[in-house]
There are 2 protein chains.
Amino acid sequence: MGKESAPADPSPLLALQRATHATLQVIAAELASLDMTASEINALANLADGRPRTVSELGAAVGSRPTTLTSVLDRLDRRGHITRGPHAGDRRAVVVELTPSGRTAADQVRSTLTELERRALAGLPPEAVAGFHQVLQALTEVSS
Amino acid sequence: MGKESAPADPSPLLALQRATHATLQVIAAELASLDMTASEINALANLADGRPRTVSELGAAVGSRPTTLTSVLDRLDRRGHITRGPHAGDRRAVVVELTPSGRTAADQVRSTLTELERRALAGLPPEAVAGFHQVLQALTEVSS
DNA sequence: CAACGAAATCGTAGTATCCGAAACCGTGGG
DNA sequence: CCCACGGTTTCGGATACTACGATTTCGTTG
């Protein structure tokens with residue numbers, strides 16, 4: 001039974017981790033000019049739509065605890081990429097927002113991401129991509 | 001136009017990272033009795049098939065540099081989960097192999113993984129899972 | 001045999017990540 | 001009105017991941 005095409009890795013979760021690591025390294029390498037870490041890139045990419053978010057929201061988006069984000073946001077703040085402002089309706093919460101320079105960096109991050117996605121998914125049928133998102137959402141929901 | 005089901009995240013790569021973080025936390029929590037970190041779990045899961053591997057091979061499987069694995073393997077070694085032996089045909093290389101106790105732990109890891117996968121993918125059509133693997137492989141290949 | 005390349009380890013440094021505790025604020029009950 | 005409770009963020013401390021450069025050992029090629 002020729003198993004050449006199905007090596008030894010039928011586990012979706014292991015393949016998930018491998019793909020994450022591999023893409024992460026490529027992204028960090030292509031964005032080396034920004035001199036940012038993976039976490040900073042991740043945070044910035046999630047803010048790239050320009051909509052301000054609280055620390056908790058951002059933490060849920062990137063998959064980290066709010067405590068973890070504090071140091072990441074500290075660095076982005078020091079570099080002038082984000083600002084922390086008061087929340088309109090809730091004075092406990094802090095609103096994280098992109099500065100103009102942060103917007104430039106975030107756009108660069110997003111274009112790198114979409115470029116990599118385009119390169120990888122060019123020859124694949126749309127059903128595969130749809131299934132990909134379906135499985136990712138199922139995994140995320142089960143792990144929420 | 002109800003946007004509840006399509007939040008603001010059409011980026012496959014961002015969804016990938018979120019799912020990875022979310023599943024990683026659940027796995028680490030369910031395997032808390034083993035008292036191992038995510039990297040150790042990842043390495044052990046990749047060794048669970050019982051086939052010995054070199055450090056470089058394992059590094060390619062988990063997505064880390066060989067230098068990164070050294071400390072992880074040190075810990076697994078100290079706990080008696082793996083042994084480092086000489087490679088038959090290449091005396092530079094080191095062969096990493098599971099011990100009986102490592103095999104027990106690896107089996108536990110694998111059963112936790114398959115259980116989580118089963119829970120998440122139960123209601124999904126096989127085509128979705130197939131597309132998931134297809135996209136994952138494409139992303140990994142582009143980033144190799 | 002001499003030179004070059006590959007494999008793994010070690011030392012060093014920078015982050016990431018989480019936990020517990022504290023400070024601040026919003027909400028509901030007396 | 002005041003108070004207790006829960007949510008939000010930050011800080012301090014501890015552990016571990018990760019990478020880079022240098023080193024050692026070994027295979028390979030000329």
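Chain letters run A, B, ... following the sequence lines, proteins first, then strands; residues in each count from 1. Note: hydrogens, waters and symmetry copies are ignored here, and every other heavy atom, side chains too, is used.
Phosphate proximity of D:dT25 to B:Arg91: absent, as no side-chain N or O sits under 4.0 Å from OP1 or OP2. Taking side-chain N and O atoms only, B:Arg75 has a distance below 4.0 Å to OP1 or OP2 of D:dA16. Phosphate contact (OP1/OP2 of D:dT9, side-chain N/O of A:Arg84, threshold under 4.0 Å): absent. One finds no side-chain N or O of A:Thr67 lying less than 4.0 angstrom from the OP1 or OP2 phosphate oxygen of C:dT17. Phosphate proximity of C:dA8 to B:Thr70: absent, as no side-chain N or O sits under 4.0 Å from OP1 or OP2. At the phosphate of C:dC18, OP1 or OP2 sits under 4.0 Å from a side-chain N or O atom of A:Thr68.
Mapping B:His21 and B:Thr54 onto DNA chain C by nearest heavy atom places B:Thr54 closer to the 5' end of the strand. Nucleotides of DNA chain D nearest to B:Val72 and B:Asp90 differ in position, and the one nearer the 5' end is that of B:Val72. Between A:Val55 and A:Arg92, the residue anchored closer to the 5' end of DNA chain D is A:Arg92, taking for each the nucleotide with the nearest heavy atom.
Proximity note for B:Asp74 (side chain, C-beta onward) versus C:dC10, D:dT18, D:dT10: the nearest is C:dC10. Closest contact between the side chain of A:Ser64 and the listed nucleotides D:dC11, D:dT9, C:dT17 involves C:dT17.
Residue A:Leu69 contributes atom CG, which lies 14 Å from atom P of D:dT8 at whole-angstrom precision. For the pair B:Arg78 CZ and D:dT15 P, the computed distance is 13 Å after rounding to whole Å. To the nearest angstrom, P of D:dT10 lies 13 Å from CG of A:Leu76. At whole-Å resolution of the value, CG in A:Leu73 and P in D:dT9 are 10 Å apart. Computed from coordinates, the A:Asp35 CG to D:dC20 C1' distance equals 15 Å when rounded to whole Å. Atom CE in B:Met36 sits roughly 18 Å away from atom P in C:dC18 (whole-Å rounding). Atom C1' of nucleotide D:dC17 and atom CD1 of B:Ile41 are separated by 14 Å, given to the nearest angstrom. The distance between atom CG of B:Leu24 and atom P of D:dC17, rounded to the nearest whole Å, is 11 Å.
A:Gln137 and B:Arg18 form no side-chain donor-acceptor contact under 3.5 Å, judged by distance and modelled atom types alone. Between the side chains of B:Gln108 and B:Arg103, no donor-acceptor pair of N or O atoms lies under 3.5 Å. Side-chain atoms of A:Glu117 and B:Ser11 include a donor-acceptor pair closer than 3.5 Å.
Look at B:Asp74 and B:Arg79 and you find no salt bridge, because none of the NZ, NE, NH1 or NH2 atoms lies under 4.0 Å from a carboxylate O. A salt bridge is absent between B:Asp49 and B:Arg110; no separation between the charged side-chain nitrogens and carboxylate oxygens falls under 4.0 Å.
Remark: the B:Arg65 side chain and the D:dA19 base include no donor-acceptor N/O pair separated by less than 3.5 Å.
Only one option out of B:Thr54, B:Val55, B:Asp77 pairs with B:Val96 in a side chain to side chain contact (heavy atoms under 4.5 Å, CB included); it is B:Val55.
Within the 4.0 angstrom heavy-atom criterion, only backbone atoms of the sugar-phosphate kind lie near A:Gln25; the bases stay farther away.
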